[in-house]
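Remember, it's a predicted structure, so these values are computed and weren't measured experimentally. Both counts, for ligands and for their atoms, begin at 1 and track the order of listing.
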Amino acid sequence: MQKSELPDPFGKARLERGIGEMNDQNDPVKMLLRHKDVRKTAHNYKTFQSGAKPGRIVIPSEVNIRKTRQIPFELDPPIHGLYRTLVEPWFKRPLHEEYTRKLIAQINALVEETLKIDTVEIIQEFALILQSRALTLLFNIPYEESEIWISWGTHVFRSQDSALDADKANILYNYINEQIEKAIENPGEDLYSMLLASEVEGKKLTKEEVKGVVVLTFAGGRDTVINAVTNAIAYLSEHQESLERFRKEPEIISKAVEEMIRYFSPLTQMGRVVTEDTYVCEHAIKAETRVSLCWASANRDAAIFENPNEIVIDRKINPHVGFGFSHHNCLGATHARQIMRVLLSTLAEKVGSIEIFDYRENIEDLDEFERKVGYDYLNAKFNRLTK
Ligand code: EMZ
């Protein structure tokens, strides 16, 4: 097996039963594993709700570490749509030329710094820095702010020793509260100020609602982007020919990004709370319990994808659900896609090969399944492309 491979732990269960089971903090989850069931369930927000107790649709559940409802993520239609419409244009800014130009400059500088050193630890010294700096563009605040975020580490709610870390969550909340107060006193062009000036149905957003959007912006795209970046680098270390193809056929880069998101599935699953007794995939599900939409499994479903366990770098038809599906599809997807495109094209332009020295895999424990999502550390070296 190649080191960059992410095996599919769900294959057998997906084929035989279509569901998996997981006991998360005594709030069990029935995991839906098939592409068809995942999509159908994602559509049905009446029976499978997101607007449950804040934190409950996240797996592992965050009900014990936060009270703030993340917006629009933990709302259901029709309210969901009002907030989504409000924030959507802001989260599409990554398509603007100026934004892309700044992102290219950031990633260029980071790759250049990395080319100068003998060993780089990809998680801490590359992916975390890249994600944090890029996030200053999404917030539209000064670049220097990324230093604080880098010091928080790779996950805002999890630490090395504990899946859920309340102290860590409090650092984030206190920081956000302070930033909201600052923006009230001194409004600017940033995300906080935009939200504070916004209205839904004629009413200004409350501080708590502003916080809900901001927490999502910090938490949702943190470890996910870091895993996508790190997995892409591990893959390219074993597939120099893909770097070569990006140089010759830059038009496949967007396809390559979609394929990587499918294959890596940086977010394994997302939960829903069931509002009435029902059936999914011929399994009875009780009201008030949880199901999950297992994106990582759906993305390897052989009923949909040919050679699902391979990265087909220019895959033509790719209805992956790596950014979720239906009205809750990832709000940060435009930003994430832009990061990945710029990363791949910058690496192709400057890097001839990548060496990996040592690494430790990051394995998610899902009871019945164990899933590799990325790495705890990955020591590597970028070799400059010589023409
Ligand atoms: C939540 C979630 C959003 C959650 C789309 O995913 O990402 C997780 O990493 C966070 O812990 O709070 O934001």
Side-chain angles (χ1 to χ4, degrees), residues 24-25 27 29 38 42 45 50-76 80 83-84 87-88 91 123 127-128 131-132 135 138-139 149 152-160 162-173 175-176 191 208-230 261 264-273 290 292-296 298-299 320-337 339 362 364 366 371 373-374:
D24 167 30
Q25 304 162 71
D27 188 2
V29 187
V38 164
Y45 59 83
S50 295
K53 190 171 180 187
R56 196 170 169 214
I57 64 167
V58 182
I59 301 162
S61 166
E62 293 172 352
V63 290
N64 295 323
I65 58 157
R66 66 174 165 93
K67 301 272 172 291
T68 298
R69 180 173 300 283
Q70 293 185 14
I71 295 177
F73 163 61
E74 291 176 315
L75 292 173
D76 290 298
H80 166 267
Y83 288 88
R84 176 85 192 207
V87 294
E88 192 113 303
F91 283 84
I123 305 274
L128 172 63
Q131 190 275 346
S132 301
L135 195 61
L138 193 57
F139 272 90
W149 307 340
W152 292 342
T154 49
H155 199 290
V156 291
F157 295 133
R158 291 179 213 151
S159 57
Q160 197 78 17
S162 77
L164 295 166
D165 186 332
D167 294 340
K168 210 167 172 181
N170 281 330
I171 296 178
L172 175 70
Y173 293 151
Y175 171 85
I176 294 174
L191 175 62
E208 181 65 10
E209 288 171 323
V210 171
K211 193 169 159 187
V213 178
V214 173
V215 175
L216 176 62
T217 310
F218 274 112
R222 185 75 165 171
D223 51 329
T224 43
V225 169
I226 290 169
N227 282 335
V229 167
T230 310
I261 300 299
F264 303 150
S265 292
L267 183 72
T268 301
Q269 57 184 338
M270 188 47 74
R272 295 287 188 267
V273 174
R290 297 194 293 168
S292 86
L293 314 173
C294 187
W295 318 116
N299 280 339
H320 74 77
V321 289
F323 284 121
F325 184 68
S326 195
H327 49 283
H328 277 296
N329 69 71
C330 177
L331 183 62
T334 312
H335 177 70
R337 286 185 162 113
I339 288 179
N362 176 2
E364 252 180 18
L366 309 165
R371 173 172 192 251
V373 282

Using ring centroids (six-membered ring only for Trp), state whether Phe139 and Phe218 fall under 6.0 Å.
yes

When you check the side-chain N and O atoms of Asn227 and Arg222, is any donor under 3.5 Å from an acceptor?
no

Modelled atom types, side-chain donor and acceptor of Ser61 and Asp27, under 3.5 Å:
no

Mind checking whether Phe323 and Trp295 have ring centres under 6.0 Å apart?
no

Closest protein heavy atom to atom 1 (C) of ligand 1, given as residue, atom name and distance to 0.1 Å
Gln70 OE1, 3.2 Å

Glu74/Arg66 salt bridge by N-O under 4.0 Å criterion
yes

Enumerated ligand 1 atoms positioned under 4.0 Å from heavy atoms of Gly220:
3 (C), 7 (O), 13 (O)

Residues passing the ring pair (Phe, Tyr, Trp, His ring centres under 6.0 Å) test with Tyr45, sequence neighbours excluded, are His327

Heavy-atom pairs closer than 4.0 Å: do any link ligand 1 to the side chain of Arg222, the backbone, both, or neither?
neither

Show the atoms of ligand 1 that are less than 4.0 angstrom away from any heavy atom in His155.
9 (O), 11 (O)

In the protein, which heavy atom is nearest to atom 8 (C) of ligand 1, and how far is it?
Ala219 O, 4.0 Å

Under 4.0 Å between heavy atoms, the region of Asp223 that gets near ligand 1 turns out to be side chain

Return the closest protein heavy atom for atom 11 (O) of ligand 1 as residue, atom name and distance.
Glu62 OE2, 2.4 Å

If you have a sec, work out which protein heavy atom is nearest atom 6 (O) of ligand 1 and how many Å separate them, to one decimal?
Met270 CE, 3.6 Å

